[in-house]
*Asks:* 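Mind having a look at this structure? Questions to follow.
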Amino acid sequence: MAMRWEYCLLTCTPMTGLDGEGVRCSYQIIGPEGSITSELYVKEPWPLVAVQRLLNMLGAEGWEMVAYDTSTNRGVFKREKV
């Protein structure tokens, strides 16, 4: 039997200058169970740190990156459907 996949879309917007030295990253994850909209705050002044934490969060949930556009901070992820 062939593998079946489920997909997840991520869009995030890192924002600097709002929280002193840190970065706030608002994001939306659209997956098979619906969508989640939230924010992540990191104390480091680099937007890529916030994006990296989001990517690690998805990886910990079993999502594997299929594509990611660094100019728009949007990505497509997949994981095996059980």
Side-chain angles (χ1 to χ4, degrees):
M1 183 173 174
M3 283 186 149
R4 304 181 105 201
W5 301 99
E6 59 184 350
Y7 293 88
C8 164
L9 305 174
L10 168 70
T11 182
C12 60
T13 307
M15 298 171 281
T16 58
L18 300 176
D19 299 299
E21 294 295 315
V23 173
R24 186 183 312 166
C25 188
S26 65
Y27 65 92
Q28 181 177 28
I29 299 171
I30 303 167
E33 291 86 33
S35 68
I36 298 168
T37 301
S38 190
E39 289 187 346
L40 174 70
Y41 173 75
V42 296
K43 293 183 180 182
E44 292 85 355
W46 305 285
L48 287 178
V49 172
V51 173
Q52 177 259 343
R53 293 222 179 126
L54 282 172
L55 297 178
N56 282 335
M57 181 181 73
L58 286 169
E61 294 175 4
W63 294 103
E64 178 181 329
M65 185 185 307
V66 175
Y68 193 83
D69 181 353
T70 56
S71 64
T72 62
N73 287 311
R74 292 183 178 167
V76 177
F77 299 79
K78 70 177 183 179
R79 68 180 173 191
E80 188 174 355
K81 189 172 184 174
V82 285

*Asks:* How about I29 and M57: do any of their side-chain heavy atoms sit closer than 4.5 Å?
*Replies:*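 When only atoms from C-beta onward are counted, M57 and I29 do touch, with a gap below 4.5 Å.
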*Asks:* Can N73 and Y27 be counted as having a side-chain donor-acceptor contact under 3.5 angstrom?
*Replies:*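 No, because no side-chain N or O of N73 sits under 3.5 Å from a partner of the opposite role on Y27.
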*Asks:* Verify salt bridge (charged side-chain N to carboxylate O under 4.0 Å, His left out) between R4 and E80, making sure each step is shown before the conclusion.
*Replies:* CA-CA 6 Å; R4 304 181 105 201; E80 188 174 355; over 6 Å; no
*Asks:* Test of understanding: clusters of I, L, V, M, F, W, Y form through side-chain heavy atoms closer than 4.5 Å, transitively. Do L48 and L54 belong to the same one?
*Replies:*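 No, L48 and L54 fall in different hydrophobic clusters.
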*Asks:* Please name the residue in the list V66, L9, L10 that meets the side chain to side chain contact (heavy atoms under 4.5 Å, CB included) test with F77.
*Replies:*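 In the set V66, L9, L10, the residue that makes a side chain to side chain contact (heavy atoms under 4.5 Å, CB included) with F77 is L10.
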*Asks:* If I compare all heavy atoms of G22 with all of Y41, which pair ends up nearest, and what's the gap?
*Replies:*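 In terms of heavy atoms, the two residues are closest at CA-OH, 3.7 Å.
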*Asks:* Testing the basics here: between G62 and R79, what is the closest heavy-atom pair and its distance to 0.1 Å?
*Replies:*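 Nearest heavy atoms, G62 then R79: O-CB, 3.1 Å.
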*Asks:* Is there a side-chain contact between E6 and K78, using heavy atoms and a 4.5 Å cut-off?
*Replies:*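 Heavy-atom side-chain distance check fails, nothing below 4.5 Å.
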*Asks:* Are C25 and M15 packed together at the side-chain level, in the sense that at least one heavy-atom pair is separated by less than 4.5 angstrom?
*Replies:*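 No, every pair of side-chain atoms sits at 4.5 Å or beyond.
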*Asks:* With a 4.5 Å heavy-atom cut-off, do L58 and C8 have their side chains touching?
*Replies:*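 Yes, side chains in contact.
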*Asks:* Going hydrophobic residue to hydrophobic residue with side-chain gaps under 4.5 angstrom, can you get from V51 over to M65?
*Replies:*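 In one cluster: yes.
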*Asks:* If you measure from SG on C12 to CD on Q28, what distance do you get to the nearest 0.5 Å?
*Replies:*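 Reported value, rounded in 0.5 Å steps: 11.5 Å.
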*Asks:* E44: what forms a salt bridge (Lys or Arg N to Asp or Glu O under 4.0 Å) with it, not counting sequence neighbours?
*Replies:*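 Scan of E44 (salt bridge (Lys or Arg N to Asp or Glu O under 4.0 Å), adjacent residues dropped) gives R53.
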*Asks:* Under the rule for side-chain hydrogen bond (donor to acceptor under 3.5 Å, both in side chains), what residues qualify as partners of Y7, not counting sequence neighbours?
*Replies:*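 Partners of Y7 under the side-chain hydrogen bond (donor to acceptor under 3.5 Å, both in side chains) test: none.
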